[in-house]
Every structure is written in C-alpha cells, then in structure tokens.
**Q** 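Provided herewith is a single structure, encoded as structure tokens, for subsequent inquiry.
A quick note: this is a predicted structure, and the numbers were derived from the prediction, not measured. Just so we're on the same page: letters track the sequence lines, and every chain starts at 1.
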Amino acid sequence: MKQKRLWGTILLFGCISLSMATLAWSDGSEWGENNEHEGKGFIQQTAGVSSVNNKAYKNECSSCHFAYPAGFLPKRSWIKIMTTLDDHFGEDAELDAQDAQGIETYLLNNAADQRPNRFSRSIMRSIDSRTTPLRITKTPYFRHRHREIPTRMVEGNAKVRSFSNCLACHSGASQGSFDEDSVRIPGYRFWED
Amino acid sequence: MKSFMILSVFIIFISFAISQTAFAGNNTVTMLLDKYHSEGVSQFDANKGKTMWQEQHIQKKTGKPVSCAACHTSDIRKTGSHIRTGKLIEAMAASTNPSRFHDAKNIEKWFKRNCKWTWGRQCTPQEKGDFLLFFQSQ
C-alpha cells in the first residue's frame, strides 16, 4: 500500500514536470519572449514588469505623465534621465537634490538589468549594450511588440496621441500588467493581431 | 439631547478643520512673501504679475514665442493645457483652486521649472511675489 502511494506520487510529479517542460518549449520567439502563453497559467503569477511602488517616484513623475515602471529601462538610462532633468524631453522637470536622490536610488534598484521579470529581460536582450536608450518606446523590444498597430490607432487617435501614453490602452499598466489579452484601444472595439 | 450634543461637536470639529485648511493656504503664501521680503523686496504688485503673465518670450531651444498664458490660459480661473504635450493644467486662481497654495516646496519647484522653461531663467523674488499676489487676486 505504502509503495503504491510512492509510485503514485512519482507519477504525479512526472506529469507536472512534463507539462511545465512543454510550456517552456513553446517559450521562444525573437527575444525569448513567451507569446502564446502570456498571462496564462503559472506565468501569470510573475508580473511582466514589477509595478511602481515608490511614493516619491509616483507623485513627482505622474504629475506630468504615466509613472513608467523602472524595469523598462536599464540602470544607465535612468542615470542619464536623472542627470538631465532640466531638459527632460524638452520640458524642465528639475527636482530638489534630496528628492532626486531618493527617486534615482529607487529607479536604479529596480531597473531592467536588476529585475528577473520577463519584460525587463526581453528589453535588456533587445538593446545594444553600447547604447543608452532614453525612450522606452524606442527600444527594439517595444517596437517589435507594437509593430502591427497602425498609426491611426495611436498618433492619429485623439484618445491615445502617443505610444508613451501606456494607460490609454493598457488599463492595468499601473499594476505592472501589460498583457496583450487586456489591451483595449479607445475607439476600436476589437483588437486582434 | 445626546444626539444634539454629538451633532454640535461634529459641526465644531468640521468648521475647525475647514478654517485650518483655509488658514494653511494663506499661511503658505504669507510665509513665501515674507521670505521674498527678507530677500530685499519692498512691495508686491498683482497687476505687474498679470502683465508678466502675458509677456511673450522667445524660447531658445525652439525659437518659438511662449508665455505663461500660452499653457495656463489668460483667464487663470480656467483649466489650461500644455501647448506641446496637451497635459491638462488645473486653474491657477486661488478662488477656484485654493489647494495650489498649501505647499511652499511645491510652489517653488514649479516656479523654478516654469520660469526657466518660459523665460529661460529663474524668476526673481520680486517676480514670484507679484505672481503669487496675482493668483490670490483672482
């Protein structure tokens, strides 16, 4: 009886590991990104990118724009952004030294090259190590994932205006959720790629 | 009787809270004006603030004329929108948006950013005081 149960347990674990292996098998597109199974099964338990949980960062940055997850750019990008706040994409976004220091520490600790989350890793794999991207929307991985979305749905869409306006289509963006299944483009009822 | 007492305590508490908030707003502005005084300014002028609000300045980087009013609108009781990004900007007038005047650090932060963006330099204590008085007068 005891031995029977042992074999049963072994068989059960065998099945589980086989099914996991199958999942991992299908996990391989250009940048090792999992396309088919995104947001399903156990993968869902790990957020695509870690959500913003720093109060100062959220307050200061989202007074003008969506507080982008730190895990979308590498450390070197955040350093450059934080040292050029007086000309922040054409705007003056200077902070006092103390606030800037706290926010920079948060960004560096949670940057794409510091996080295990899958979007962070995919972005890191897609960018050239000799470049320092300043715009998430210009990273090859971002462009790849948005390549099929026509201009009229974004720049030509008054409710979206720009690819940098994450929240317009990714309603769960503030929680770090950018899964394709939950994308809703305003003015376009169905979006299938 | 008991409920009357509870109600009156409640009303007293609420009115106290409201007066505190209003007081805090004025306090912050008074405190800033005092600071500008101590930096050598003798008098402030809301009308001067109003004139400066409309002044056009050529932005070095873009070569385009900009003014405070371009994004905030000339009627500071109205919501504005950023000429480039389209971001909505809440009204500046103390009468319509008193919550703007409770945090001295935040006020100085935006003076610094927006004076530099619009005029290409920081505003002087005199100019900041004139602007504050202009916001309070509307």
**Q** Ignoring hydrogens, what is the shortest heavy-atom contact between A:Lys159 and A:Ala168? Give both atom names and the distance.
**A**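 Heavy atoms only, the tightest pair is O-CB, 3.7 Å.
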
**Q** Looking at A:Arg76 and A:Thr131, would you say the former's side chain and the latter's main chain have a donor-acceptor pair under 3.5 Å?
**A**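 Checking the backbone N and O of A:Thr131 against the side chain of A:Arg76, a donor-acceptor pair under 3.5 Å is found.
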
**Q** Indicate yes or no for a side-chain donor-acceptor contact from B:Arg100 to the backbone of B:Ala91 under 3.5 Å, with no hydrogens or angles considered.
**A**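 Yes; at least one donor-acceptor contact below 3.5 Å.
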
**Q** Are any side-chain N or O atoms of A:Ser177 and backbone N or O atoms of A:Ala173, one a donor and one an acceptor, separated by less than 3.5 Å?
**A**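 It does not hold such a pair.
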
**Q** At a 4.5 Å cut-off on heavy atoms, which part of A:Ser63 comes close to chain B: side chain, backbone, both, or neither?
**A**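 Looking at A:Ser63, backbone and side chain both touch chain B.
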
**Q** Taking A:Asn117 for its side chain and A:Phe119 for its backbone only, find out whether a donor-acceptor pair lies under 3.5 Å.
**A**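 Flag not set: sc A:Asn117 to bb A:Phe119 has no pair under 3.5 Å.
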
**Q** When only heavy atoms count and the cut-off is under 4.5 Å, which of residues 72-84 of chain B reach chain A?
**A**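 Checking residues 72-84 of chain B against chain A gives B:His82, B:Arg84.
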
**Q** On a heavy-atom basis, which atom in A:Trp78 and which in A:Pro69 lie closest, and how many Å separate them?
**A**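 Residues A:Trp78 and A:Pro69, closest heavy atoms: CZ2-O, 3.8 Å.
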
**Q** Could you check whether A:Phe178 and A:Phe72 have their ring centres less than 6.0 Å apart?
**A**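 Yes - the distance between ring centres of A:Phe72 and A:Phe178 falls below the 6.0 Å cut-off.
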
**Q** Do the ring planes of A:Tyr68 and A:His65 sit parallel (below 30°), tilted (30 to 60°) or perpendicular (above 60°)?
**A**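 Parallel, since the angle between the ring planes stays under 30°.
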
**Q** Counting only non-hydrogen atoms closer than 4.5 Å, can you tell me which residues of residues 112-130 of chain B sit against chain A?
**A**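 Residues of residues 112-130 of chain B touching chain A at under 4.5 Å: B:Lys112, B:Arg113, B:Lys116, B:Trp117.
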
**Q** Could you tell me which non-hydrogen atom of A:Asp113 sits nearest to which non-hydrogen atom of A:Lys75, and how far apart they are?
**A**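 Looks like OD1-N, 3.0 Å.
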
**Q** What closest approach, in Å, do A:Phe66 and A:Cys166 show between heavy atoms, and which atom pair accounts for it?
**A**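 Looking at all heavy atoms of both residues, the closest pair is CD2-SG, 3.6 Å.
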
**Q** Could you give me the CA-CA distance, side-chain angles and deciding distance for A:Arg118 and A:Asp179, then say whether salt bridge (charged side-chain N to carboxylate O under 4.0 Å, His left out) is met?
**A** CA-CA 11 Å; A:Arg118 68 182 198 279; A:Asp179 288 326; 2.8 Å; yes

**Q** Is any residue of residues 46-69 of chain B within less than 4.5 Å of chain A by heavy atoms, and which ones?
**A**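 Only B:Lys61 of residues 46-69 of chain B have a heavy atom under 4.5 Å from chain A.
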
**Q** Please output the residues of residues 88-106 of chain A in contact with chain B, using a heavy-atom cutoff of under 4.5 Å, in numerical order.
**A**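 Hits under 4.5 Å: A:Phe89, A:Gly90, A:Glu91, A:Asp92, A:Ala93, A:Glu94, A:Leu95, A:Asp96, A:Asp99.
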
**Q** Taking all non-hydrogen atoms of both residues, which atom of A:Ser120 and which atom of A:Val49 are closest, and how far apart?
**A**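 The pair with the smallest heavy-atom distance is OG-CG2, 3.9 Å.
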
**Q** Taking the side chain from A:Ser77 and the backbone from A:Leu73, do they hold a donor-acceptor pair closer than 3.5 Å?
**A**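 No; judged by distance alone, with no hydrogens or angles, the pair does not exist.
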
**Q** Does the A:Ser51 side chain pair with the main chain of A:Gly176, one donor and one acceptor, at a distance under 3.5 Å?
**A**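 Here the side-chain-to-backbone pair does not exist.
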
**Q** Can any side-chain N or O of A:Arg147 pair as donor or acceptor with the backbone N or O of A:His144 at less than 3.5 Å?
**A**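 It does hold such a pair.
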
